[in-house]
Amino acid sequence: MKKIIFTENAPAPIGPYNQAVLVGNTLYTSGQIALDPKTMELVLTDIQTETKQVMENMKAVLDAADMSFENVVKTTIFIMDMADFANINTVYGSYFNEETAPARETVQVAGLPKGVNVEISMIAIK
């Protein structure tokens, strides 16, 4: 049985999808971009600020499912420019304990929604 996870503390979906779906003990999140959930405006000041907004949005989704970054077992990072990887990785890494960090892949893509520079999705287990 799947349970839809929604929180007003993360950007509302802008299409036919949900912020996350919980199936049993496994949470599958949709990708988060740097939308401010209060204004639905993009936060694109610089790549670090953009990545922080993405991670804060993801934190809100995890919180809504009664989970934290400690529950995350897999992440996918989509980036526009691999030259931004080090800066993205620094911010991303600050949300995880390095010893228990999840599996991950990082992929450079040709385009992302709304012209953002980074999008992150996660799988977490309770």
Distance col, row Ile79:CD1 vs Ile47:CD1, nearest 0.5 angstrom, shows 7.5 Å
Sorted by chain and number, sequence neighbours left out, salt bridge (charged side-chain N to carboxylate O under 4.0 Å, His left out) with Glu105 holds for Lys74
Residue pairs passing the ring-ring contact (aromatic ring centres under 6.0 Å, His included) test with at least one member in residues 23-50, sequence neighbours excluded, are none
Keeping the roles fixed (side chain from Gln108, backbone from Met82), state whether a donor-acceptor pair exists under 3.5 Å.
->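 Side chain of Gln108 to backbone of Met82: a pair is present.
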N/O donor-acceptor pair under 3.5 Å between Glu50 side chain and Asn117 backbone: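 Yes, Glu50 side chain to Asn117 backbone: donor-acceptor pair under 3.5 Å.
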Mind listing the side-chain donor-acceptor pairs of residues 31-40 below 3.5 Å, one per line with the distance, residues two or more places apart or on another chain?
residue : atom : partner : partner atom : Å
Asp36   : OD1  : Lys38   : N            : 2.7
Asp36   : OD1  : Thr39   : N            : 3.4
Thr39   : OG1  : Glu41   : N            : 3.1

*asked:* Would Arg104 pass as a cation-pi partner of Phe96, given that its NZ or CZ must be under 6.0 Å from the six-membered ring centre and within 45 degrees of the axis?
replied: no
Tightest non-hydrogen contact, residues Val116 and Met80, listed as O-CG, 3.3 Å
For the residue pair Pro11 and Gln19, what are the closest heavy atoms and their distance?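 What the structure gives for the nearest pair is O-NE2, 2.9 Å.
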Val61, Val72: one ILVMFWY side-chain cluster at the under-4.5 Å cut-off?
no
Q | Donor-acceptor pair between Thr90 and Gln48 side chains, under 3.5 angstrom | A |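 No, no side-chain donor-acceptor pair sits under 3.5 Å.
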Lys114, NZ: over 12 other non-hydrogen atoms inside 6.0 angstrom:
no
